[in-house]
Amino acid sequence: MAKEQRTDSERPDQPDRLSTATTVTDGIRVVTLAGEVDQRNGVLLTHALRLDAADLPRVMIDMSRATFMDSSGINVLIAAHQSLAAAGGWLRLAAPTAAVLRVLQLVGVDQFTECHPTLTEAPPLTAQSPARRRQARLSWSLAT
């Protein structure tokens, strides 16, 4: 059963800014990013990924509209991954744009957080083995 809970920080007239939208579907929080994740607005991503006691610690980030990410965004993702893992959950990334994917791969985020080419290809509730994650990363890297 899908339950939708939406929070927005939309700024459609400012494409260089970051906007987030959050929905909850089947106990998984899906955070959709649009725009740039940088030092100016990384706190917005931090807020969107903040783990509350009532939350199930499973988060998927839809990055299909993220146009840029610098080290500030990477640090937010690392902190979120650590926090969610400590709570027995996970962080998964889906559909990063080519520019964002390049940064994720350069710094190795895709080595510890599942990264999928599309939102629909990211398995929602099933945990993949490390070997399966490596295989998926390799095939995706070769395809892109």
Side-chain angles (χ1 to χ4, degrees), residues 2-12 14-141 144:
K3 173 186 163 195
E4 185 168 324
Q5 175 187 48
R6 187 170 174 91
T7 58
D8 286 316
S9 58
E10 298 289 337
R11 298 178 189 146
Q14 301 174 355
D16 64 327
R17 299 291 179 123
L18 178 66
S19 67
T20 65
T22 301
T23 57
V24 177
T25 304
D26 296 331
I28 299 170
R29 186 168 23 148
V30 179
V31 178
T32 302
L33 305 179
E36 297 182 356
V37 183
D38 59 21
Q39 186 176 7
R40 288 180 299 149
N41 52 34
V43 70
L44 184 61
L45 179 57
T46 299
H47 180 70
L49 296 175
R50 184 166 289 135
L51 183 63
D52 295 325
D55 287 339
L56 292 175
R58 297 178 296 206
V59 177
M60 177 76 65
I61 302 177
D62 177 357
M63 306 183 91
S64 61
R65 295 176 49 208
T67 57
F68 174 82
M69 180 173 286
D70 69 6
S71 62
S72 303
I74 297 298
N75 289 334
V76 171
L77 294 180
I78 291 169
H81 166 76
Q82 291 171 339
S83 175
L84 291 164
W90 44 255
L91 173 69
R92 293 183 179 154
L93 309 177
T97 58
V100 173
L101 177 60
R102 178 79 172 130
V103 172
L104 296 172
Q105 291 174 331
L106 282 172
V107 297
V109 170
D110 64 331
Q111 297 299 309
F112 61 84
T113 299
E114 288 185 34
C115 200
H116 300 275
T118 67
L119 194 56
T120 57
E121 291 181 57
L125 298 174
T126 58
Q128 290 183 341
S129 70
R132 175 74 178 115
R133 283 195 302 266
R134 279 192 301 275
Q135 179 184 15
R137 272 195 311 272
L138 177 61
S139 64
W140 187 28
S141 295
T144 55

Mind checking the [atom1]-[atom2] spacing from [X] to [Y]? Nearest 0.5 Å is all I need.
X: E36; Y: M69; atom1: CD; atom2: CE; result: 11.0 Å
X: R50; Y: T22; atom1: CZ; atom2: OG1; result: 12.0 Å
X: T20; Y: D62; atom1: OG1; atom2: CG; result: 12.0 Å
X: L101; Y: C115; atom1: CG; atom2: SG; result: 5.5 Å
X: L49; Y: R29; atom1: CG; atom2: CZ; result: 6.5 Å
X: L33; Y: I61; atom1: CG; atom2: CD1; result: 6.0 Å

| task | State which residues pass side-chain contact (heavy atoms from CB on, under 4.5 Å) with V43; sequence neighbours excluded, sorted by chain then number. | result |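 Per chain and number, V43 pairs via side-chain contact (heavy atoms from CB on, under 4.5 Å) with no residue.
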
| field | side chain to side chain donor-acceptor pair (under 3.5 Å) involving T32 - partner list, sequence neighbours excluded | value |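 By the side chain to side chain donor-acceptor pair (under 3.5 Å) rule, T32 matches no residue at all.
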
| task | Can you sort out the partners of T46 under side chain to side chain donor-acceptor pair (under 3.5 Å), two or more places apart, ordered by chain and number? | result |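 So T46 forms no side chain to side chain donor-acceptor pair (under 3.5 Å) with any residue.
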
| field | Pairwise side-chain contact, L104 with M63, heavy-atom cut-off 4.5 Å (strictly under) | value |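 In short, these two side chains touch, coming nearer than 4.5 Å.
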
| Does a side-chain heavy-atom distance below 4.5 Å link R92 with R58? |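 Result no, sub-4.5 Å side-chain heavy-atom pair not found.
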
| query | Between T97 (side chain) and S64 (backbone), is there a donor-acceptor pair under 3.5 Å? | reply |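 No: the side chain of T97 does not pair with the backbone of S64.
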
| field | Candidate pair I28 and W90, rule side chain to side chain contact (heavy atoms under 4.5 Å, CB included), full reasoning | value | CA-CA 10 Å; I28 299 170; W90 44 255; 4.0 Å; yes

| field | Nearest non-hydrogen partners of V37 and G73, listed with the distance | value |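 For V37 versus G73, the nearest heavy atoms are CG1-CA, 3.5 Å.
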
| query | What are the two closest non-hydrogen atoms of A66 and V100, and how far apart are they? | reply |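 Scanning both residues, the minimum pair turns out to be O-CG2, 3.5 Å.
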
Show me, pair by pair, the donor-acceptor contacts under 3.5 angstrom made by side chains of residues 75-89, not counting sequence neighbours?
residue: N75; atom: ND2; partner: S71; partner atom: O; Å: 3.2

